[in-house]
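All remarks here apply to the structure that follows.
On a predicted model such as this, the values are computed, not experimentally measured, just so you know. When reading the values below, keep in mind they use all heavy atoms of this one structure, side chains included, and skip hydrogens, waters and symmetry mates. Note that the numbering runs from 1 along the sequence shown for the chain.
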Amino acid sequence: MDDLFVKIINREIPAHIVYEDELVIAFLDINPVNTGHTLVVPKNKFVNIFDGDPETLARMMKIAQKIAKALVENKSADGVNLIMNNGEAAGQDVWHSHLHVVPRLTDDKAYQDPTHVTCTEEEFVETKNKLITTLK
């Protein structure tokens, strides 16, 4: 069964589309954090960053940058957050990859400050070594 994003891509349900090319489509989020909140979605469905092809992921970022610049230029935002939830633990709840371009206004309090963990030197070294080994 097609998901919501496929139905938008296929024009089976309406959306406020702001950009489209052969790889991606971008439209306004129906539940925005702030006005102008836009989703950049691959037309060729993949679940998230773990199974996406690098060319499409790069295009998603390129279009997100264009949208971010436009939001700031037309005074809809003072800054932006780019958010991509990848996996259930990261808050992904739509199983079709998408990149949020969230316009931010000074003092909008749209998100709370994150909490941070403290890492020992040994944990930094262990993590670094795991990443280096895995990236090879």
Examine Val24 and Ile67 and state if one hydrophobic cluster contains both, with Ile, Leu, Val, Met, Phe, Trp and Tyr joined whenever side-chain heavy atoms are less than 4.5 Å apart. yes
Could you work out, with side-chain hydrogen bond (donor to acceptor under 3.5 Å, both in side chains) as the rule, every residue matching Lys66, not counting sequence neighbours? none
Which distance, rounded to the nearest 0.5 Å, do you find between the NZ of Lys136 and the CD1 of Ile132? 7.5 Å
Non-neighbouring partners of Glu126 that pass side-chain contact (heavy atoms from CB on, under 4.5 Å), sequence neighbours left out: Lys130
If you define the side chain from C-beta out and look only at heavy atoms, does anything of Glu22 sit under 4.5 Å from Arg59? yes
Excluding Leu39, membership of its hydrophobic cluster (Ile, Leu, Val, Met, Phe, Trp, Tyr; side-chain heavy atoms within less than 4.5 Å) reads Leu4, Phe5, Ile8, Ile9, Ile13, Ile17, Ile25, Phe27, Val41, Val94
Salt bridge or not between Glu123 and Lys128? Use side-chain N to carboxylate O under 4.0 Å. no
Hey, mind stepping through Val80 and Val102 against side chain to side chain contact (heavy atoms under 4.5 Å, CB included) and telling me if it holds? CA-CA 5 Å; Val80 299; Val102 182; over 6 Å; no
Using the test side-chain hydrogen bond (donor to acceptor under 3.5 Å, both in side chains), find all partners of Thr35 that sit at least two apart in sequence or belong to another chain. none
side-chain hydrogen bond (donor to acceptor under 3.5 Å, both in side chains) with Tyr19: which residues, sequence neighbours excluded? Asp21
Side-chain heavy atoms of Leu57 within contact of Met84, under 4.5 Å: yes
Asp107 atom CG, neighbour heavy-atom count above 12 within 6.0 Å: no
Return the set of residues passing side-chain hydrogen bond (donor to acceptor under 3.5 Å, both in side chains) with Glu20 (not counting sequence neighbours), or none when no residue passes. Arg11, Lys43
For Glu12, which residues count as a side-chain contact (heavy atoms from CB on, under 4.5 Å) partner, sequence neighbours excluded? Asp2, Lys7, Asn10
Partners of Thr133 by side-chain contact (heavy atoms from CB on, under 4.5 Å), sequence neighbours excluded? none
Among residues two or more places apart or on two chains, list those pairs meeting ring-ring contact (aromatic ring centres under 6.0 Å, His included) that have a residue in residues 103-136. none
If hydrophobic clusters are built from ILVMFWY residues whose side chains come within less than 4.5 Å, do Met61 and Phe46 share one? yes
Shared hydrophobic cluster, Val40 / Phe50 (ILVMFWY, side-chain heavy atoms < 4.5 Å): yes
Over all atoms of both residues, closest heavy-atom pair of Ala110 and Val33: CB-CG1, 3.4 Å
Would a single hydrophobic cluster contain both Leu82 and Met60, if residues Ile, Leu, Val, Met, Phe, Trp and Tyr are joined by side-chain heavy-atom contacts under 4.5 Å? yes
I'd like to know if the side chain of Asn86 reaches the main chain of Ile49, judged simply by a donor and an acceptor atom lying under 3.5 Å from each other, with no hydrogens or angles considered. yes
Which residue pairs satisfy the salt bridge (charged side-chain N to carboxylate O under 4.0 Å, His left out) criterion with at least one member in residues 110-121, sequence neighbours excluded? none
In short, side chain to side chain donor-acceptor pair (under 3.5 Å) pairs touching residues 91-104 with sequence neighbours left out are Asp3-His96, His37-His100, Asn48-Gln92, Asn81-Arg104, His98-His100, Arg104-Asp108
Check the hydrophobic clustering (I, L, V, M, F, W, Y; side-chain heavy atoms under 4.5 Å; chains of links allowed) and say if Leu28 and Leu99 are grouped together. yes
Report yes if the side chains of Asn44 and Leu23 come closer than 4.5 Å at any heavy-atom pair, otherwise no. no
The criterion is side-chain contact (heavy atoms from CB on, under 4.5 Å); which residues satisfy it with Ala70, sequence neighbours excluded? none
